[in-house]
Amino acid sequence: MPPSRFPIPQGTLDMLVLQVLSLEAAHGYAIAQRLQQISRAAVRINQGSLYPALHRLEQKRWLKAEWRQSETGREAKFYALTRAGHQQLAREKASWDQLTTAVRLIFNEGA
Amino acid sequence: MTKLLNLFRRRRDRLERDLDRELRYHVERRVEDMIADGLSEPEARRRASLELGGVPQVQEAVRDTWIWRWLDVFVRDVRYALRSLTKSWAFTVGAGAVLALAIGATVAIFSVVNTVLLRPLAYPDADRIASVETLWTNTGRASQAVSGPDFLDWQARNDVFEKMAVYYSGDTGGTDDAPVILEDRATFANPRYVSADFFAVFGQTVSAGRLLTAGDYSVARGAAPAAVVRYQWAVTNFGSAEAAIGKRITVNGSPLEIVGVAAPGFRYPGVTDLWAPLTPDGGPNHRSNHDYHAVGKLKAGADLVRAQAQMRTIGDALARQYPQNRVKTVSLIPLQERLTGNLQPTLWALMGAVGVVWLIGCANIANLLLARAAGRTREIALRAALGAGSGRVMRQLLTENCVLAGVAGLAGLLLAWMLIQVVVAWAPADLPRIDEVRMDPTVALFALGLSLVSTVIFGLVPALHASRLDLSDGLKQSGSKATASKASTRLRSAMVVAEVALSVILLAAAGLLLRSFLTLQHVDLGFTTDRVLVAFTEHPLKDRIRFFADVLDRLRAVPGVHAASGVAYLGMGREPRPPRDYFIQGRPEGQPGERPQAEFHDITGDYFKTLDIPVLAGRDFARTDTPESPRVAIINEALARTAFAGESSVGQRIRENPRAPWMEIVGVVGDTRWQDPSQPAPPVVFRASTQGTGNSLSILARTSVDPTSLASTLRTFLYEANPTVPVKFETMEEMFDSTLAYPRFRTQVIGLFAGVAALLAAVGIFSVLAYLVGQRTRELAVRRALGASAANVVGLIMGPGLRLVAGGLVLGLAGALASARLLSGLLYEITPWDVSAYIGTIAVLGSVALLATLVPAIRAATIAPVIVLQQE
């Protein structure tokens with residue numbers, strides 16, 4: 001594995017999962033693939049931690065899940081964002097923007 | 001419960017299945033993709049699993065997110081705990097019983113104490129109600145008895161009380177029953193005469209009719225046409241509260257009309273059946289007649305200290321103003337304290353006893369748990385070696401102890417409920433509020449909580465020990481017989497010593513109380529109580545003297561009747577007659593408030609013969625003592641000693657107030673202890689009832705047969721002489737018995753607890769020694785094989801056991817001697833250092849302890865060396 005890939009910051013996995021699912025419902029494997037593609041392989045996501053995250057978000061009622069046929073014809077568990085999930089994503093995006101803006105300001109100050 | 005469990009199980013199974021499918025889908029897709037990229041299938045599978053970090057690990061991590069996961073673990077822990085507890089059933093039963101006993105006893109006694117002493121009285125703003133009393137400055141004692149003029153002055157001059165009232169118990173002076181004639185029959189009731197604001201002080205309303213109003217108080221004194229009756233009394237006698245309204249009854253010979261029924265439960269003072277109006281006597285001559293009891297309700301916000309100070313100032317001013325008040329002033333006592341004050345020693349003694357039982361119980365539990373933990377070292381090490389984290393082991397032990405404490409706690413509450421019934425049944429009938437005693441939920445929760453905490457703390461010791469445990473060490477130790485650490489052995493020995501010491505203290509207390517009780521029971525009362533029938537009765541004023549003379553004459557003629565007589569107030573076990581000043585002819589009258597006092601009793605002839613009271617000088621009353629003959633009196637020895645020390649009293653003259661006719665003393669009789677056998681006899685003046693207005697009498701008959709067999713004969717005589725006269729019977733034995741109600745109650749309950757304590761201590765000794773034998777089975781077997789005799793082995797086990805007992809005994813005796821002083825107020829003619837009580841204690845505890853050491857020792861001696869050594 002190329003060393004340039006840095007591990008995903010703690011707590012951001014939930015946000016990324018919400019973001020992926022805000023476009024359309026997907027099953028776990030598809031989410032893993034999507035995350036990998038979107039981040040252009042720059043972020044190393046431990047696939048093992050994806051499923052606990054999905055179940056945690058489902059417990060918090062930000063996601064809802066149902067079994068339906070996947071593109072391969074087999075039954076898969078599809079996750080979709082709930083209304084609360086959309087709101088949560090909006091909140092997280094806002095606070096992320098604030099944080100990055102602040103960090104950028106500080107960095108620019110030094111330059 | 002099982003339904004819930006099933007539901008829970010189904011839901012868990014479905015979630016597990018779904019998770020399994022979900023992960024399988026992921027792996028399959030990943031494998032397919034990688035095969036498409038040119039990997040072989042086994043290699044693809046290996047990589048797919050590796051990327052996930054292991055399927056079981058992911059499963060576990062997901063399970064952790066399920067919020068009810070703890071429940072799953074909990075159920076598993078509880079199941080494991082139950083299995084482990086049933087496996088060692090002897091321990092479980094022992095520890096459970098000890099815990100249940102400790103909880104049961106504590107909850108029961110605390111419920112009683114809480115109800116009687118601590119819970120506020122059941123009146124609105126009960127904390128503002130105070131008893132207003134006379135404080136005698138010469139003796140420093142407060143007395144509930146107050147005089148009418150004093151009360152009226154107190155009421156007029158203070159601004160701290162919202163309402164004040166006095167009540168008067170009628171002629172009988174005490175909690176006596178008065179005869180009441182209802183429309184069609186005669187019965188007894190307990191009337192009180194109360195002043196205008198009485199019900200207002202207690203914030204009472206009626207359940208039917210109305211309360212006493214100002215109009216009820218303006219009728220002529222003596223006549224009292226309106227009355228309020230107790231709710232339950234109304235229901236018993238008339239069927240309902242409403243039915244009682246308007247009924248006309250006769251109480252103490254005066255007619256009354258029932259105008260109201262009090263709220264259910266109200267019965268102050270004592271158990272009052274009916275309240276009639278009283279206008280306190282305010283005349284200047286009554287300042288020395290302390291016939292009333294006073295109560296008051298403080299204004300909201302007025303504190304007791306300030307009220308006390310103001311009332312004191314008023315009382316001091318009255319003391320300067322009136323010669324009769326020279327040595328008295330006022331004192332306030334919260335009503336609750338007044339009602340329960342003299343019970344406090346008894347109830348706190350019970351609390352102390354139950355506290356000791358509780359401590360012993362806790363020590364015992366700790367002991368049992370520590371012994372069990374030592375035996376489980378290997379099991380715990382094994383579980384840890386198989387991968388259980390120390391948190392997991394700890395949680396498991398915790399669950400086990402909680403299950404034990406929970407089950408035992410419930411059993412304890414059941415036991416408490418039963419114990420409360422026993423204590424209430426044993427309690428003296430006049431113990432205030434005893435009928436209100438219920439199991440207190442706060443107390444129950446508190447006791448359960450305490451037991452849980454103590455079990456958990458001692459139960460965790462092995463878990464903490466295990467977390468520091470070297471696994472291989474624990475596993476290497478053979479079988480279940482891992483040796484206990486020195487420290488834990490020492491701790492357990494110390495607990496046994498403490499248990500023995502505590503139970504010695506309790507046994508010694510019980511011994512002292514028992515000795516005191518037996519002494520009381522056999523105290524010389526000055527008269528004999530056996531085979532005396534007592535008939536309580538009441539006759540209207542008209543023809544009274546002849547009525548009683550006729551009935552007594554008929555009674556004397558009955559075969560089996562040895563002597564019969566009458567007495568106006570039979571005080572046994574009741575409030576004493578209030579003493580009155582007496583005057584002796586030829587001596588200065590003295591200052592009011594400082595004059596000598598005596599009880600005055602009215603009796604008929606043969607009274608002394610009936611009760612076996614010796615006539616020491618002079619004569620008994622005779623038929624010749626009539627209203628027309630010169631007045632005569634008989635005094636008791638106590639009066640002869642205090643008033644006529646050295647000189648002959650017969651022939652002297654005495655009277656009860658400066659205007660009464662003189663009475664010539666014609667006889668001196670022996671002292672009697674009426675109210676309370678532990679108190680010395682007060683001075684008494686007996687008057688001939690036939691010479692006065694003729695009091696209504698209680699009839700006494702000494703018989704040579706069973707006294708109760710005469711009751712129906714006497715009832716017939718009374719009925720034939722006057723069908724409206726009510727009567728009820730008791731034997732003198734029964735009355736004497738009731739005077740010992742409190743000492744008996746104390747002795748029974750503390751005796752019970754001392755027994756429980758000794759039993760618990762025995763369990764403690766036994767458990768430690770039995771454990772010791774278990775530990776040393778192998779060593780003992782080797783000794784036996786090498787030629788040690790059975791006696792040697794017995795000695796080997798009993799030695800340490802008896803050393804612990806001896807240590808506890810010495811400590812306990814020291815503690816008992818130190819704390820016995822606390823009991824001295826409850827002891828009669830027994831010093832707290834009574835040798836026989838302590839010898840009894842040593843004997844009881846010694847034999848119990850011997851038995852507790854002997855059983856495991858014998859078990860050790862019967863070890864068959866061959867079998868044990870083969871097993872190893």
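In the text below, chain A, chain B and the rest are named by the order of the sequence lines, each starting its count at 1.
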- Interchain contact, E32(B) with chain A, by part (heavy-atom threshold 4.5 Å): side chain

- Report yes if the side chains of D33(B) and Y29(A) come closer than 4.5 Å at any heavy-atom pair, otherwise no. yes

- Task: Measure A65(A) against the heavy atoms of chain B and call it side chain, backbone, both or neither at under 4.5 Å.
- Result: neither

- Quick one: closest heavy-atom pair of V62(B) and P52(A), and the distance? CG2-N, 3.6 Å

- Under a 4.5 Å heavy-atom cut-off, does chain A meet the side chain of R24(B), its backbone, both or neither? neither

- Item | Positions in residues 67-78 of chain A that reach chain B, provided some heavy atom is under 4.5 Å away | W67(A), S70(A), E71(A), T72(A), R74(A), E75(A), A76(A), K77(A)

- Task: Work out which heavy atom in H26(B) is nearest to a heavy atom in G28(A); give both atom names and the distance.
- Result: ND1-C, 4.4 Å

- Locate the shortest heavy-atom distance separating Y25(B) from H27(A); write the atom from each residue and the value. OH-NE2, 3.3 Å

- Query: Out of R56(A), Q33(A), H55(A), which one racks up the most heavy-atom pairs below 4.5 Å with chain B?
  - Reply: H55(A)

- Task: Name, in order of residue number, those residues of residues 86-94 of chain A that have a heavy atom at a distance of less than 4.5 Å from a heavy atom in chain B; otherwise write 'none'.
- Result: none

